[in-house]
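Heads up: the structure comes next, in structure tokens.
Start at 1 with the first residue, then count along the sequence.
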Amino acid sequence: MASHPPESIPEETYADLVQATLAALAKKGYANLRVRDIDAESNKSRQLINHYFSGKDELVTETLSVLIEAVKEELDSSSHGDPTKKLNEEIDRALLGTQEDDEEFWTTTAALYELQSQAQHNPHHREMFNEFLDLQVNHFSTIIQEGINQGVFDEVDPDRMANAIDDLIVGATIKKIHLGRDDAPLETREMIDELVMSKLDPR
């Protein structure tokens, strides 16, 4: 995960606190999260956390910024070439976490969705999550448009299809994280093949 610490925070300390915040969020949820919960997941002392951050809210916001920046870098570095291969790879990345360790992916995803569920109460977080959503949807839409331009995909509305893909991913992720439906991501992947990829096939 990419991280860009402020100059006042050592990089190792910053990375540790971000990872500890993610782990604590995934376990405790945002409403019940306390600095001591982050401290329990960290190699650093609570005094050190309080030295660099004014409280859990500032640290959570900083962690959310790191996650969004990491997604930006992943999307910017995604493979180029065959649109079908690229779209499948990006769906698998977002839905199944195929490009990183499975445990780390779901810990990070659980923390993200926990924060997203509370974003209605935090305008700044809501703005950040809307930026995150737009990044993902626009990425899918760009790949689909490339496929249309190359004659690989059928003529469809790329934005509408990208939103459909994202909605399916979000629904499956919520089922797994909030309802314990561990089979949801793979079932949804099959559904995407049936309802989306087949729709894009010009044959």
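- With sequence neighbours excluded, the residues that form a side chain to side chain donor-acceptor pair (under 3.5 Å) with E58 are S54.
- Residue pairs meeting the salt bridge (Lys or Arg N to Asp or Glu O under 4.0 Å) criterion with at least one member in residues 27-40, sequence neighbours excluded: K27-E41.
- Legend: side chain to side chain donor-acceptor pair (under 3.5 Å) pairs involving residues 154-172, not counting sequence neighbours, sorted by first then second residue: S141-D159.
- Applying the side-chain contact (heavy atoms from CB on, under 4.5 Å) test to D102 and every residue at least two apart in sequence or in another chain returns W106.
- Listed by chain and residue number, nothing satisfies the side chain to side chain donor-acceptor pair (under 3.5 Å) test with E114 (two or more places apart in sequence, or in another chain).
- The side chain to side chain donor-acceptor pair (under 3.5 Å) check on D16 picks up S42, N43, with sequence neighbours excluded.
- The salt bridge (Lys or Arg N to Asp or Glu O under 4.0 Å) check on D193 picks up R189, with sequence neighbours excluded.
- Salt bridge present: K85 and E89 bring a charged side-chain N and a carboxylate O closer than 4.0 Å.
- In terms of the side-chain contact (heavy atoms from CB on, under 4.5 Å) criterion, residue partners of E103 (sequence neighbours excluded) are, by chain and number, D101, T107.
- The side-chain contact (heavy atoms from CB on, under 4.5 Å) search around I174 returns Y113, V170, H178, not counting sequence neighbours.
- The only option from H124, E69, M128 that meets the side chain to side chain contact (heavy atoms under 4.5 Å, CB included) definition with L64 turns out to be M128.
- The stretch residues 130-139 participates, sequence neighbours left out, in these salt bridge (Lys or Arg N to Asp or Glu O under 4.0 Å) pairs: K72-E131.
- Of the inter-residue distances, the one linking E12 atom CD with L17 atom CG reads 10.5 Å to the nearest 0.5 angstrom.
- T61 meets the side chain to side chain donor-acceptor pair (under 3.5 Å) test with H125; sequence neighbours excluded.
- Residue pairs that meet the salt bridge (Lys or Arg N to Asp or Glu O under 4.0 Å) test with at least one member in residues 177-187, sequence neighbours left out, are K176-D182, R181-D183.
- Minimum interatomic distance between P10 and Y52 (heavy atoms only, all atoms of both residues): CD-OH, 3.3 Å.
- Annotation: side chain of I169 is not in contact with side chain of T188 (no heavy-atom distance under 4.5 Å).
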